[in-house]
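This report refers to the structure that appears directly beneath it.
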Amino acid sequence: MDQQDQATYRVDLGDLFEGPMDLLVHLVRKNEVDIYDIPVALIMDQYMEYIKLMNVLNIDLAGEFLVMAATLAHIKSRMLLPVDQEQEEEEEDPRMEIVRPLEEYLQLQYAAEDLTDRNQLDWDVFIRCYGNGNERPDEEPDGLVQVSLFELIDAFQKIIKRVSPEHLFNITVDTISVKSRISEIADLLEGRGSVTFEDLFEKEVTKSQLIVTLLAILEMAKVQVIRIMQHVSSGIIRIFNA
Amino acid sequence: MHNLKAIIESLLFASDTPLTVDKIKAILEVKDRNAVQDALKSLAEDCDSQERGFFLREVAGGYQLRTRPEYRQWVRRMKQSRPARLSRAAMETLAIIAYKQPVLRTDVEHLRGVDSGGILRTLLEKGIIRVLGRKDLPGRPMVYGTTKRFLEVFDMKDLSDLPTLKDLEELGEAWPNDST
Amino acid sequence: MHNLKAIIESLLFASDTPLTVDKIKAILEVKDRNAVQDALKSLAEDCDSQERGFFLREVAGGYQLRTRPEYRQWVRRMKQSRPARLSRAAMETLAIIAYKQPVLRTDVEHLRGVDSGGILRTLLEKGIIRVLGRKDLPGRPMVYGTTKRFLEVFDMKDLSDLPTLKDLEELGEAWPNDST
């Protein structure tokens, strides 16, 4: 079989079973078995049949399918072990390992079905449509704005993709913490005009928060939005709006 | 105010978002909340009894006129809308977020048993879910929840319109061999 | 067709352009031109006699539902009180400021590749960004950052709720089956 043929016969796994839970639910339903009393050996055999079939069909098997196969095998082996008479009462049915996630998964399937059955906007029901005239102007009297956080990062990512690599910069959770602290310090300065160095560190508890505050002060000094002054006699360091 | 009902109808007709009673009161400068509510009720009855092409629906905390679902095939044909429906996988993911919010990506994936990053991104792009914040865990993972848009799209007054999981389970058990 | 008038009303309601009789005939697959015209006439009469918030208007060769001019002041007031959406350019500028703050106007313009003075002013007026200070450079350029109002608009506790590019990358590509 050449490359072309292989591509033709490749079936998206998502078209058949979304994941191992999906396949398991299918088998439970097909065999009409009670999820609280699953015949593990039977279900596992059928599960493995499907795995083999998917291999034959040249479907890329997600690792999750094999993890589930291992879990089923493990449960099956535990069920074959003789039960210790004394421990019997405390010993949990090994199948519980799979029953609980299955239970939750089934519940969510029902929830998804319920959502699907609702009158979905732009599919079952429609509201008035304003075509291209819908673009709202920037200038609005009361200055309210309606945007989502996702739109913001999406806009940022598009810019990043546009600019040349040498202008790339890292935005990480850490750098954002520093920005957040800068914003807080700017708030303080807006209110009070100046603040002592100690005040800024007063409430800090963890080492990383100390570092974040220090980095924030350094960055603000670097772009010169603050001045740092030390009193000659008292030695108190004060930060001012530049 | 003369003909409050007709004026409210014109507002609802021209609005692209659901209008709350408070918003209507503010626009019309009426003090009487009951008068607005009565007019809305009467309008809803008119839409039904006169068999109009649309009906008044309470959704996402406000009121909105929407075409009747019975006529979906014709409106759809006019709009030439491609299937804008969410896939089964997206519905499943959305159900998890709706019921378990605030929820982490790992929680979603644990329940579904498969990678769900792409679906989360799609739902974010559609504005149906949003980032609520971050959780104080290593890597500060993002926490997800549903939006007001979710209520609008899925025809709900508020999140309490969602049936409980227990109710759903009982309903589900009525058709145990419902094929997937 | 059962209830032709209501179906046509739902089409007119959901359409963003005037609909011609031919277009309506095509959508509903009705052959009888008179039936469509009678339904339109009857709908126009209903709108008038029942004092609805809108009326049927023959315009640009087609039919369109429009709010009654008598109610223009209220509809206008409603439209003015709607929250604005940010333009793409404003969104871009805001994103740069949010992620790169404290940042100079020249940095913003360098990344965007266009003059951004007007947009910066708009964002300042909206109270979403602020001047953090002036840099000690020729011309004493202003340094920009986001405000508390910015956090409110995006419903964040603090800036550390901002998603990072890594967060976005980790989600992967949007799910292909759910195109809008």
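Order of the sequence lines fixes the chain letters, A, B, ..., with proteins taken first and strands second; residue numbering starts at 1 for each chain.
Contacts between B/Arg66 and chain C at a heavy-atom distance below 4.5 Å involve the backbone alone (N, CA, C, O). C/Leu168 touches chain B through backbone and side chain together, each having a heavy atom under 4.5 Å away. Neither the backbone nor the side chain of B/Ile8 comes within contact range of chain C; no heavy atom of the residue lies under 4.5 Å from a heavy atom of that chain. Residue contact with chain B, scored on non-hydrogen atoms closer than 4.5 Å, involves the backbone and the side chain of C/Met78 alike.
No hydrogens or angles considered: a donor-acceptor pair under 3.5 Å links the side chains of B/Asn3 and C/Glu51.
Ring orientation note: the planes of B/Phe13 and C/Phe54 are close to parallel, at an angle under 30° on the 30°/60° scale.
Ion pairing of B/Arg140 with C/Asp161 is absent here, as no side-chain N (NZ or NE/NH1/NH2) approaches a carboxylate O to less than 4.0 Å. In this structure, C/Asp155 pairs ionically with B/Arg130, as a charged nitrogen and a carboxylate oxygen lie closer than 4.0 Å. A salt bridge links B/Arg77 with C/Glu29: at least one charged nitrogen is closer than 4.0 Å to a carboxylate oxygen.
When each of B/Leu132, B/Leu11, B/Asp115 is checked for heavy-atom pairs under 4.5 Å with chain C, B/Leu11 comes out on top. For the options B/Leu65, B/Leu43, B/Leu19, heavy-atom pairs under 4.5 Å to chain C are most numerous at B/Leu65. Of the listed residues (C/Ile24, C/Val75, C/Asp158), the greatest number of heavy-atom pairs within a distance under 4.5 Å of chain B belongs to C/Val75. Most heavy-atom pairs under 4.5 Å with chain B, from the set C/Arg52, C/Gln50, C/Lys157, C/Glu70: that is C/Arg52. Of the listed residues C/Leu12, C/Leu171, C/Thr67, the one with more heavy-atom pairs under 4.5 angstrom with chain B than any other is C/Leu171.
Distance alone, capped at 3.5 Å, places no donor-acceptor pair between the C/Arg68 side chain and the B/Ile7 backbone. Of the possible polar contacts, none joining the B/Lys5 side chain to the C/Gly53 backbone as a donor-acceptor pair under 3.5 Å is found. Judged by distance alone, the side chain of B/Arg121 and the main-chain N or O of C/Glu170 form no donor-acceptor pair under 3.5 Å.
Heavy atoms from other residues, nucleotides or ligands lying under 6.0 Å from NZ of B/Lys135 number 12 at most. By the neighbour-count criterion of 12 heavy atoms within 6.0 Å, atom CZ of C/Arg57 is sparsely surrounded, having that number or fewer from other residues, nucleotides or ligands. More than 12 heavy-atom neighbours from other residues, nucleotides or ligands sit within 6.0 angstrom of NZ on B/Lys25.
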### Message
Show, in sequence, the C-alpha distance, side-chain angles and deciding distance for B/Val131 and C/Leu162, and conclude whether the side chain to side chain contact (heavy atoms under 4.5 Å, CB included) test is met.
### Response
CA-CA 9 Å; B/Val131 177; C/Leu162 273 177; over 6 Å; no

### Task
Determine, step by step, whether B/Arg105 and C/Asp167 satisfy the salt bridge (Lys or Arg N to Asp or Glu O under 4.0 Å) criterion, reporting the C-alpha distance in whole Å, the side-chain angles of both residues, the deciding distance to 0.1 Å, and the verdict.
CA-CA 11 Å; B/Arg105 173 179 173 181; C/Asp167 289 331; over 6 Å; no

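Residues C/Gln73 and B/Ile27 form no side-chain contact, since every pair of their non-hydrogen atoms from C-beta on lies 4.5 Å or further apart.
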